[in-house]
Amino acid sequence: MGARLAVVGTVLVALTGLGTLSACSDDKSDQAAFVEAEKQAAEAGLPKGDEQTYLTALTAVDAKLTADKKAALDNGYNLCTDFTNGMTTSETVIDAIDMFQVDAKKGQKIVAIAKTNLCKPSASKGS
């Protein structure tokens with residue numbers, strides 16, 4: 001009887017493991033789909049700003065900020081999203097400090113540059 005319980009227990013553990021593995025693979029594909037949908041929504045929701053002027057101004061602050069132009073642009077548009085989501089300028093500066101790995105003074109400049117050059121208001125509907 002004890003041997004049967006051990007076998008049944010082993011089978012149950014194995015089946016539970018298979019269920020967990022399939023759940024993980026589903027989670028990964030679901031997460032990838034979610035990330036892609038979120039990316040498309042962000043791209044559709046934010047009008048493109050003056051990227052070249054933004055990059056030139058960032059380079060003037062510190063050339064290291066634009067060593068990876070794609071990352072610099074992504075970070076800048078993330079700052080725009082911060083404003084769109086209702087974050088204060090102070091909160092956005094803290095985010096810039098973290099994203100760009102800079103001090104507070106450069107963080108303030110980066111936020112001002114992004115706000116001026118990348119964060120364009122959405123076209124109003126109506127009027």
Side-chain angles (χ1 to χ4, degrees):
M1 179 93 172
R4 280 188 188 174
L5 288 177
V7 170
V8 170
T10 303
V11 170
L12 287 175
V13 169
L15 290 174
T16 303
L18 289 174
T20 304
L21 289 175
S22 65
C24 288
S25 64
D26 288 344
D27 287 345
K28 287 181 183 177
S29 62
D30 287 347
Q31 180 150 356
F34 175 75
V35 169
E36 183 61 29
E38 190 174 59
K39 181 179 171 185
Q40 289 175 353
E43 289 173 355
L46 287 175
K48 293 291 182 189
D50 185 352
E51 294 177 348
Q52 189 55 52
T53 301
Y54 165 78
L55 291 171
T56 301
L58 277 185
T59 302
V61 171
D62 186 340
K64 294 175 191 172
L65 298 175
T66 56
D68 182 345
K69 289 179 178 32
K70 182 179 179 339
L73 286 166
D74 287 346
N75 289 341
Y77 282 118
N78 283 334
L79 295 175
C80 294
T81 301
D82 287 351
F83 284 116
T84 302
N85 290 335
M87 289 177 71
T88 65
T89 301
S90 297
E91 291 169 328
T92 306
V93 168
I94 292 168
D95 208 15
I97 291 168
D98 184 51
M99 282 190 280
F100 287 91
Q101 296 296 298
V102 296
D103 60 32
K105 187 174 182 181
K106 284 184 182 177
Q108 290 172 340
K109 289 179 182 179
I110 292 167
V111 168
I113 291 166
K115 192 172 186 179
T116 302
N117 297 293
L118 291 182
C119 306
K120 303 294 181 188
S122 301
S124 64
K125 296 177 182 174
S127 61

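The figures here come from the full heavy-atom set of this structure, side chains too, leaving out hydrogens, waters and symmetry mates.
Here the side chains of F100 and L58 are in contact, with some heavy-atom distance below 4.5 Å. At a threshold of 4.5 Å between non-hydrogen side-chain atoms, the residues E91 and D82 do not count as touching.
Separating the OG1 atom in T59 from the CG atom in L65 is a distance of 7.5 Å, to the nearest 0.5 Å. Rounding to the nearest 0.5 Å gives a distance of 7.0 Å between CG of L79 and CZ of F83. Here the CG-OG1 distance, from N85 to T92, works out to 9.5 Å after rounding to the nearest 0.5 Å. Distance check, rounded to the nearest 0.5 Å: CG of D95 to CD1 of I110 gives 11.0 Å. Here D50 contributes atom CG and T116 contributes atom OG1; the two are 10.5 Å apart, rounded to the nearest 0.5 Å. Atom CD of Q101 sits about 12.0 Å away from atom NZ of K106, to the nearest 0.5 Å.
Scored by the side chain to side chain donor-acceptor pair (under 3.5 Å) test, D68 finds no partners at all (sequence neighbours excluded).
Residues C80 and A114 share a closest heavy-atom pair of SG-O, 4.3 Å.
Under a hydrophobic-cluster definition in which Ile, Leu, Val, Met, Phe, Trp and Tyr are linked whenever side-chain heavy atoms come within less than 4.5 Å, directly or via other members, I94 and V111 are assigned to different clusters. Transitive grouping of hydrophobic side chains (ILVMFWY, heavy atoms separated by less than 4.5 Å) keeps M99 and M87 in distinct clusters. Residue I97 is grouped with residue L118 when hydrophobic side chains (ILVMFWY) are merged at heavy-atom distances under 4.5 angstrom, including chains of intermediate members.
In this structure, D103 contributes its side chain and K105 its backbone to a donor-acceptor pair below 3.5 Å.
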